[in-house]
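Heads up, the thing below is written out as structure tokens.
Just so it is clear, the model here is predicted, and its values are computed rather than measured.
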Amino acid sequence: MSTSSNVLSEEQFLCSICLDVFTEPVSIPCGHNFCKACISGYWNSTALCQCPLCKETFNRRPEPKTNTTLRDVADHFKRKKVTDGEESSSNPGEVAQVQKMIQERLQKVREIKYSVELSQRDAEREIAESVEVFTALVRSIERSQAELIEVVEEKQKAAERRAEGLIEELEQEITELQRRGTELDHLQNSPSPYLPTHTKDWSEISVPRDLHVGTVRRALSQLEETFLKEMEKLCNAELRSLRQWSVDVTLDLDSEHPMLIVSEDRKQVRYGNTWRNIPDNPKRFDQRLAVLGKEGFSSGRFYFEVQVRGKIEWVLGVARESIIRKGPTAKSPDGGLWALYMKGENKYEVKETPPIPLSLSQKPQKVGVFVDYEKGQISFYDVENRSHIYSFTGCTFTEKLYPYLNPCDNSEGPNTAPLVISPVNHTD
């Protein structure tokens, strides 16, 4: 029978997420401990990166540190439990290994169930938000339709009132003319017959039809404005959600083209206009004016922002690890590059097959790039104008993806401003 001290000890070794003895325990900045898989699964499934216990929120997803002391004690505790329960076994080590495998699989079951639960919550929240947005749009459409009908009907009533006034005036003149006609019949032998002089010239008077074209156009313009506002709200919420996946991107000096200049902190790159004498290596681009991020990503989601202010030509996106570095580099996903291109003043496109021109209402000053590796999606956002630019969807990734920056040369005019990897603002 377990003593009270044993019960207390067991509670100290339980992960608060899976409620089982720690497996690969890690510590996060607030000081709390969790199974590595548990806290990773929790953060992968929540909008905010926070501690499940104290709710402390982290601006950037921290890297959990292995708690070696807790790991050793927890492993010892597990072995002790197995030994106490299997005293008659002839091979305690094998039993312990089997028990560990069982616990790992039970833990995976709990992780999957928990992920499904969190996914369900996210789905319900997304449905609720979409219902709210579409309900607002439907109400706006109904309100605009009612206002349009009211304006058209009021104009029609005004036209009818004008017509009635004209008819009444005409009938009065007809009556007067008929009376004068009768008088003229009696005075026809008079040397100077009287003729009515105060009559209106009706030849230019009419009641025009109102086509109501301007009214409909103005109503549609108001609807468009409402729609754009709702789109901005959605994009705001989307960007806030994506920023939890922000990563610290630095540039890889081994990959930069010799005519590029990377800043000392490896956060900026600009065109240098001079071929520098630097060592060549297989990773270095020798034709495209490109440089890759230092770290690659082969799973999960990541997000980063790049300032493009002051430039008239640039290329920005992500590239797979095997992208051609020597000679002409492919520009499209077929060659391992998913990018947004600006060439000249307000000329944007993505190099799909064939290329797709983009019409942007405003010139981006900062571009956000989001990648969902498993979903096969790469999205671009205008950060300051809170708008979605373009998304590659249905992609299949089989190797590491790296941030790709190309500041371009001066062929379109002065273009020496750098591309700047910007810190992500989590509070905006």
Residue pair [X] / [Y]: nearest heavy atoms and the distance that separates them:
X: C395; Y: F392; value: SG-CB, 3.8 Å
X: H32; Y: C51; value: ND1-SG, 3.5 Å
X: R325; Y: S255; value: NH1-CB, 4.2 Å
X: G368; Y: V383; value: N-CG2, 3.4 Å
X: Y303; Y: L242; value: CB-O, 3.7 Å
X: Q365; Y: G310; value: OE1-N, 4.4 Å

With distance as the sole criterion, is a donor-acceptor pair present between the side chains of [X] and [Y] under 3.5 Å?
X: S263; Y: D265; result: yes
X: N415; Y: K311; result: yes
X: Q107; Y: Q103; result: no
X: E374; Y: S299; result: no
X: Y42; Y: N44; result: no
X: S246; Y: Q244; result: no

Looking at [Y], is its backbone amide N or carbonyl O close enough to the side chain of [X] to form a donor-acceptor pair, meaning the two atoms are under 3.5 Å apart?
X: N281; Y: D254; answer: yes
X: D286; Y: G327; answer: yes
X: R276; Y: P258; answer: yes

Ion pair check, [X] and [Y], cut-off under 4.0 Å:
X: D334; Y: K351; value: no
X: R105; Y: E111; value: no
X: K326; Y: D280; value: yes
X: E412; Y: K343; value: yes
X: K157; Y: E153; value: no
X: K283; Y: E256; value: no

Does [X] reach the side chain of [Y], with side-chain heavy atoms less than 4.5 Å apart?
X: W43; Y: P62; answer: yes
X: Y348; Y: P357; answer: no
X: R386; Y: L239; answer: yes
X: Y390; Y: L358; answer: yes
X: P407; Y: W314; answer: no
X: C408; Y: Y271; answer: no
X: L360; Y: I389; answer: yes
X: V367; Y: D382; answer: no

The test is side-chain hydrogen bond (donor to acceptor under 3.5 Å, both in side chains); show your working for E305 and Y381 and say whether it passes. CA-CA 9 Å; E305 294 178 353; Y381 296 86; over 6 Å; no
Looking at E295, I'd like to know if its CD atom is crowded, meaning that more than 12 non-hydrogen atoms belonging to other residues, nucleotides or ligands lie closer than 6.0 Å.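 Counting other residues, nucleotides and ligands, CD of E295 stays at 12 neighbours or fewer.
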Does atom NZ (K347) have a neighbourhood of more than 12 heavy atoms from anything else shown, all under 6.0 Å?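 No, not enclosed.
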Determine, stepwise, if the pair D252 / R284 fulfils salt bridge (charged side-chain N to carboxylate O under 4.0 Å, His left out). CA-CA 9 Å; D252 182 10; R284 191 176 306 286; over 6 Å; no
E399 vs R320, test: side chain to side chain contact (heavy atoms under 4.5 Å, CB included). Steps then yes/no. CA-CA 6 Å; E399 54 188 277; R320 69 187 180 202; 3.8 Å; yes
Atom [atom1] in [X], atom [atom2] in [Y]: separation rounded to 0.5 Å?
X: F397; Y: S298; atom1: CZ; atom2: OG; value: 12.5 Å
X: T393; Y: I378; atom1: OG1; atom2: CD1; value: 10.5 Å
X: L289; Y: M259; atom1: CG; atom2: CE; value: 7.0 Å
X: L70; Y: S27; atom1: CG; atom2: OG; value: 7.0 Å
X: C30; Y: Q50; atom1: SG; atom2: CD; value: 10.0 Å
X: E349; Y: K331; atom1: CD; atom2: NZ; value: 8.0 Å

Please test L419 against Q268 for side chain to side chain contact (heavy atoms under 4.5 Å, CB included), starting from the C-alpha separation and ending with a verdict. CA-CA 6 Å; L419 290 176; Q268 302 184 25; over 6 Å; no
Give the C-alpha distance, both sets of side-chain angles, the deciding distance and a yes or no for salt bridge (charged side-chain N to carboxylate O under 4.0 Å, His left out) between K155 and E150. CA-CA 9 Å; K155 285 186 176 182; E150 183 179 354; over 6 Å; no
Evaluate the side chain to side chain contact (heavy atoms under 4.5 Å, CB included) criterion for residues L337 and I323: first the C-alpha distance (whole Å), next the side-chain angles of each, then the deciding distance (0.1 Å), finally the verdict. CA-CA 7 Å; L337 179 62; I323 188 172; 4.1 Å; yes
Can you list the steps and then say if D409 with S411 is a side-chain hydrogen bond (donor to acceptor under 3.5 Å, both in side chains)? CA-CA 6 Å; D409 57 21; S411 59; 2.9 Å; yes
Taking the six-membered ring for Trp, are F13 and F22 ring centroids under 6.0 Å apart?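 Distance test on ring centres: not under 6.0 Å, no.
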Let me see the working for R110 and D20 under side chain to side chain contact (heavy atoms under 4.5 Å, CB included), right down to the final yes or no. CA-CA 10 Å; R110 285 188 287 269; D20 202 350; 2.9 Å; yes
Suppose we screen for side chain to side chain donor-acceptor pair (under 3.5 Å). Which residues come up paired with Y404, at least two apart in sequence or across chains? none
Kindly indicate whether a cation-pi arrangement holds for K400 with F297, taking the cut-offs as under 6.0 Å to the six-membered ring centre and within 45° of the axis. no
Aromatic plane relationship, F304 with F302 - under 30° parallel, 30 to 60° tilted, over 60° perpendicular: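 Taking F304 first and then F302, their aromatic rings lie parallel (interplane angle under 30°).
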